[in-house]
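Beneath this line is the structure, given in structure tokens, with notes to follow.
First the proteins, then the strands, lettered A, B, ... as listed; each starts at 1.
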2 protein chains.
Amino acid sequence: MPLLYVALAHYPVTNKNGDIITSAITNLDLHDISRAARTYGVKSFYVITPLTDQKALAERIVTHWTHGAGADYNPARRDALDLIRLVDTVEDAARDIEHREMCYPKIVATGARKHSLSIGYAQFRGLLEKKFPYLLVFGTAWGLAESFRDQADYVLEPVIGATDYNHLSVRSAAAIVLDRLAGIKN
Amino acid sequence: MPLLYVALAHYPVTNKNGDIITSAITNLDLHDISRAARTYGVKSFYVITPLTDQKALAERIVTHWTHGAGADYNPARRDALDLIRLVDTVEDAARDIEHREMCYPKIVATGARKHSLSIGYAQFRGLLEKKFPYLLVFGTAWGLAESFRDQADYVLEPVIGATDYNHLSVRSAAAIVLDRLAGIKN
């Protein structure tokens, strides 16, 4: 299995006007992306927010499904949300991976717009075969700040559909990207 | 473009115990699947529920984003939710397609479990090239009733990830399936 880690960043992301903001936690992001991460063998799913109250909210959601009534009600959901780790920053996630893998991961940003550092899916699949740790970062709201993408080690190409419409939800985009990187094509 | 239509069924689906139920509308299902449908050139997205109050709820959500304040706030979201048609049954959706295409569509069921009628993604892509209309049906809750899948023209193979975990959300599964059927692999 590749050493693939996923993060969902609530900072630094942009709003509709392009300003850098901290977005709010969306319950279904945690469920959908952890279920997709579990399906595709992702090692951990980092939920990133620097806001104390938002971290407490995420903690409550995760605990309900991993140790509370939800864990008994739906063990499959528990297995997925067990992958979640709550951290303040992308760097904290990367340091946690470094601690586990004895190697600082490469940071791979995503987004709906092209970027000069873009790599394609086949190229990234090739990199993942080399057993180096990678942290694949998705942005909430209107997407990761360009300043963050500029500093990433790589930027993954946008998902191209059959039209020029590029407004997938982050939940859908994460699912599709993981399928492209690690799915079995039956 | 292929004559691909998508439906999200709230009946006939099963609950945790395998009983056939009518499930409730989930707001983000409408948003996420319509955005994925728009991305991949799907012709219409049928939201299927026989319940009057649930149809009224879905109608309110769709109208807000297609004609209400949401339409001005986020025109991209309007373009996606414009694809939604609310109908009582899968058969009503199929009849609507027949009216538009002058040809009754083939019904293609989905699900997380294998089925004896299963066809693979490459085979379905081949069928879609022939310009015949297809209605691809996703189930909410614990998935489409087996009795419904048994009567479909085809059952699409489950999405296979990198593990044996098969509990994607319907939002994620729909996004992945559409990418496999109509995405451009960059």
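Between the side chain of B:T163 and the backbone N or O of A:T39 there is at least one donor-acceptor pair closer than 3.5 Å. The backbone N or O of A:Y73 lies less than 3.5 Å from a partner atom in the side chain of B:K16, making a donor-acceptor pair.
Contact annotation for A:I160: both backbone and side-chain heavy atoms come within less than 4.5 Å of a heavy atom of chain B. For a residue to count as touching a neighbouring chain, one of its non-hydrogen atoms must lie under 4.5 Å from one of that chain's; by this rule B:A80 touches chain A with backbone and side chain alike.
Under the rule for a salt bridge (Lys or Arg N to Asp or Glu O under 4.0 Å), A:D150 has no partner lying at least two apart in sequence or in another chain.
More than 12 heavy-atom neighbours from other residues, nucleotides or ligands sit within 6.0 angstrom of CZ on A:F148. Within a 6.0 Å radius of CG in A:D19, other residues, nucleotides and ligands contribute more than 12 heavy atoms. More than 12 heavy atoms of other shown residues, nucleotides or ligands fall within 6.0 angstrom of atom CG in A:N17.
Evaluation of the ring pair (Phe, Tyr, Trp, His ring centres under 6.0 Å) test over residues 17-50 of chain B, restricted to residues two or more places apart or in two chains, returns B:H31-B:W65.
A single hydrophobic cluster is seen to contain both B:L156 and B:V170, as judged by linkage of ILVMFWY side chains at heavy-atom distances under 4.5 Å, directly or through other members. The cluster map of Ile, Leu, Val, Met, Phe, Trp and Tyr, joined by side-chain heavy atoms under 4.5 Å apart, puts B:L83 and B:L8 in the same cluster. Connection of A:I48 to A:V62 is not established within any shared hydrophobic cluster, with ILVMFWY side chains joined at heavy-atom distances below 4.5 Å, either directly or through further cluster members. A:V159 and B:Y121 fall within a single hydrophobic cluster, where Ile, Leu, Val, Met, Phe, Trp and Tyr are joined by side-chain heavy atoms under 4.5 Å apart, directly or via other members. No continuous path of ILVMFWY side-chain contacts below 4.5 Å connects B:L128 to B:V155, so the two sit in separate hydrophobic clusters.
If you tally non-hydrogen atom pairs under 4.5 Å between each of B:S169, B:G41, B:P2, B:A173 and chain A, the highest count goes to B:S169. Options A:P158, A:S118, A:A76, A:A36 differ in how many heavy-atom pairs under 4.5 Å they form with chain B, and the most are formed by A:A76. Contact count against chain A (heavy-atom pairs under 4.5 Å) is highest for B:S172 among B:A174, B:S172, B:A122.
Between A:R171 and B:L28, some side-chain heavy-atom pair lies under the 4.5 Å cut-off.
Within residues 102-113 of chain A, no residue has any heavy atom closer than 4.5 Å to a heavy atom of chain B. Of all residues spanning residues 175-184 of chain A, those with a heavy atom less than 4.5 Å away from chain B's heavy atoms are A:A175, A:I176, A:D179, A:R180, A:A182, A:G183, A:I184, arranged by number.
Expressed to the nearest 0.5 Å, how far OG of A:S34 lies from NE2 of B:H167 amounts to 12.0 Å.
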